[in-house]
Amino acid sequence: MEERGSPDGDLARSLEQGPEGPETPIQVVLRVRPMSAAELRRGQQSVLHCSGTRTLQVSPPGGGPEVAFRFGAVLDAARTQEDVFRACGVRRLGELALRGFSCTVFTFGQTGSGKTYTLTGPPPQGEGVPVPPSLAGIMQRTFAWLLDRVQHLGAPVTLRASYLEIYNEQVRDLLSLGSPRPLPVRWNKTQGFYVEQLRVVEFRSLEALMELLQTGLSRRRSSAHTLNQASSRSHALLTLYISHQTAQQMPPVDPGTPPVGGKLCFVDLAGSEKVAATGSRGELMLEANSINRSLLALGHCISLLLDPQRKQSHIPFRDSKLTKLLADSLGGRGVTLMVACVSPSAQCLPETLSTLRYASRAQRVTTRPQAPKSAVAKQPQRLETEMLQLQEENRRLQFQLDQMDCKASGLSGARVAWAQRNLYGMLQEFMLENERLRKEKSQLQNSQDLARNEQRILAQQVHALERRLLSASYRHQQGPGLTPPCPCLMAPAPPCHALPPVYSCPCCHICPLCRVPLAHWACLPRERHLPQVLDPEASGGRPSSARPPPWAPPCSPGSAKCPRERSHSDWTQTRVLAEMLMEEEVVPSAPPMPVRPPKTSPGLRGGARVPNLAQRLEALRDQIGSSLRRGRSQPPCSEGARSPGQVLSPR
Ligand code: ADP
Ligand code: MG
């Protein structure tokens, strides 16, 4: 049975109109801790007196005017932990969380006023020593109540928990697997502010949840100072997530964001402290400053939320991590319970009055509770509707496309569909083939250029050799000591040379067909000359056209044939080789179309003729060498042929 006027009863009435009911004020209960042994030793007096269940009277020392404060419930030092749990209204919040609401319980007050004690009981007396059940705080009692409640629901409920602390303005995961690292606070439209990548642990039993609580408590920062031997140096937030779906039924969510569903969050704030009173130095002072700053930001937000014009005013929730994470509880869609803790000692009166004023203001702040479950429940239905709409649109578009294509090409619908499916694949294949051909072409081009260069070098070498040979023969013919006259000084060439001179020095002209100086003998026209080259036997006698050039090397001593005839044949052959080289030297103005002999590797196609050319050059060299050797070993002919040894000086 609920007490008349209790926070449970008030909250239940304010939410009776449904999950999206009217504005609901923050519920505030006051807890007055007993005088500590140290305070009693110092002879300090209590300045706080309860009047009924909801009013607190403050009697300043020295007989000043009394001040009264009214809250949802006032729980004096005589009340046990169990009394506090039953009277503060946390069970009602648990019920609302089970219905999908986002609920928050937070303790507030000066350092050493009993906030942590109220939520989790006295500090553990040793490693792994549990808090005695009679001293267990609101959190342990709520856990037990909730687990029991869930067991009797008769419907699947998934329970999970996260535990974090805000220490020196950094969010640290108290349940992280490794050492806690700072986590960012993000915001999105559906969830508001949330901690990214926070570890959320599923639990199925009270023992498992208690273990999570102990893990977090043991990792939370606390230090000793004058007013509290186990002072919390951070704000701690333990959140229970309640979902009425099994893990398989849950819609997929971003792993970095918290789960959707009902929430019950317990916030143990670090207490405001006067650095002078606590004697904090160094790191303790830095922590105290950080705590005070964030509590100041919280107070500022609460003041602005009380402003009747607040709809127009901006609430600076972004000023601190604490106000960001409490934004929904203070001014949003959550249901909030504040447990204000005070010390009865006269020495703490200024801070106590400040807390009381703060708490009084806070209970005038209202929220507009809204269960997020509606959005979750609607999701599958909304998705199904969207899917049906898209399927219908898809069918309609497909039909229109079939109609258009059939009209255009007369193809059947099935073939059109097939063609559409395959078109993309074909396009991809063509692109790949294109790329392959492009590479092959570039390789061909490279090898062709290489071959041309080699060809040019070889042709130049052949030409140089020819010139050398020509000059040697000429000197051989004229006799030792005589310098051959420049052909330019002789008579002009006969008109049988149809082609323009190709190889010519600035002062000499050489027949392009037979490579001889034009002034010395008349070269026959090409049509008469070539048959003799190809068929030397065809020349029966010694026509003038078959006469060897004057620089032809002498015949070998053992040869049956006339040396002149033999040398003529040899030199004609040399000339033909030179001609062939000349023909290969011609470079077309545009790159030729690649002619692909079957099964030839691309790298060899362009260069295939180079070894041939080199062989010919080698043959030419051999020929010249053997001619010269013959010349050296044979005495000069009576017709004036000189020994090559006398003529050709080695170069
Ligand atoms: P806070 O968290 O506000 O800084 P604590 O909860 O740590 O303060 O309490 C400070 C000290 O007072 C602790 O040693 C705690 O055990 C003791 N204390 C607080 N409240 C009570 C209470 N209601 N009954 C007995 N001891 C209490
Ligand atoms: Mg504390």
Side-chain angles (χ1 to χ4, degrees), residues 29-42 44 46 48 50 56 73-88 105-126 129-141 163 165-167 174 213 216-238 266-275 277-280 284 287-288 290-292 294-295 298 322 338-345 347-348 351-352 354-356 358-359:
V29 296
L30 184 75
R31 182 163 205 201
V32 185
R33 75 156 166 82
M35 294 284 282
S36 71
E39 287 166 337
L40 289 172
R41 266 201 310 276
R42 287 197 289 267
Q44 291 171 12
S46 172
L48 306 178
C50 290
L56 180 81
V74 175
L75 305 154
D76 63 16
R79 309 291 287 265
T80 63
Q81 293 279 68
E82 177 67 12
D83 292 339
V84 174
F85 167 69
R86 288 186 173 278
C88 71
V105 183
F106 74 100
T107 51
F108 179 82
Q110 176 197 5
T111 185
S113 60
K115 300 181 291 297
T116 304
Y117 183 95
T118 302
L119 276 181
T120 55
Q125 298 304 302
V129 180
V131 174
S134 61
L135 299 180
I138 291 177
M139 281 168 73
Q140 291 97 325
R141 289 167 198 274
Y163 202 176
E165 70 174 347
I166 305 170
Y167 174 73
L174 293 172
L213 174 68
L217 282 176
S218 62
R219 294 172 85 175
R220 190 181 169 192
R221 302 285 182 112
S222 67
S223 304
H225 59 68
T226 328
L227 294 183
N228 190 351
Q229 286 306 299
S231 173
S232 322
R233 310 309 290 168
S234 64
H235 309 298
L237 284 80
L238 185 145
F266 299 90
V267 184
D268 183 11
L269 294 180
S272 58
E273 66 180 68
K274 277 187 179 165
V275 176
T278 55
S280 299
L284 275 183
E287 289 168 359
S290 169
I291 292 165
N292 287 344
S294 59
L295 289 175
L298 179 64
L322 177 67
M338 177 185 190
V339 182
C341 298
V342 288
S343 160
S345 167
Q347 202 183 16
C348 297
E351 284 76 30
T352 300
S354 164
T355 302
L356 292 171
Y358 204 96

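Both ligands and their constituent atoms are indexed starting at 1 by order of listing.
Contact atoms of ligand 1 toward Arg31: 23 (N) (distance under 4.0 Å to a heavy atom of the residue). Taking a cut-off of under 4.0 Å to the non-hydrogen atoms of Thr116, the atoms of ligand 1 that pass are 2 (O), 6 (O). Listed by number with element, the atoms of ligand 1 under 4.0 angstrom from any heavy atom of Thr111 are 4 (O). Using a 4.0 Å cut-off to heavy atoms of Lys115, the atoms of ligand 1 that qualify are 1 (P), 2 (O), 3 (O), 4 (O), 6 (O), 8 (O).
Between the side chain of Arg33 and the main chain of Gly112, a donor-acceptor pair closer than 3.5 Å is present.
The two residues Ser343 and Ser113 come nearest to each other via the heavy atoms N-CB, 4.2 Å. Considering every non-hydrogen atom in both Val74 and Arg79, the closest pair reads O-NH1, 4.2 Å.
Using a 4.0 Å heavy-atom cutoff, Gly112 is listed among the residues neighbouring ligand 1. Within the 4.0 Å heavy-atom cutoff, Gln110 counts among the residues contacting ligand 1. Under a 4.0 Å heavy-atom criterion, Ser113 is in contact with ligand 1.
With sequence neighbours left out, the side-chain contact (heavy atoms from CB on, under 4.5 Å) criterion links Leu40 to Met35.
Thr116 lies close to the Mg ion (ligand 2), since one of its N, O or S atoms is found at a distance under 2.8 Å.
Gln81 and Tyr117 form no side-chain donor-acceptor contact under 3.5 Å, judged by distance and modelled atom types alone. Side chains of Ser36 and Glu39: a donor-acceptor N/O pair is present below 3.5 angstrom, by distance only.
Leu322 has its side chain within reach of Leu269: a pair of non-hydrogen atoms, C-beta onward, lies under 4.5 Å apart.
Between Asp268 and ligand 1, a contact under 3.5 Å exists for no N or O pair.
When the heavy atoms of Ser36, Gly114, Ala38, Ala78 are ranked by distance to atom 8 (O) of ligand 1, first place goes to Gly114.
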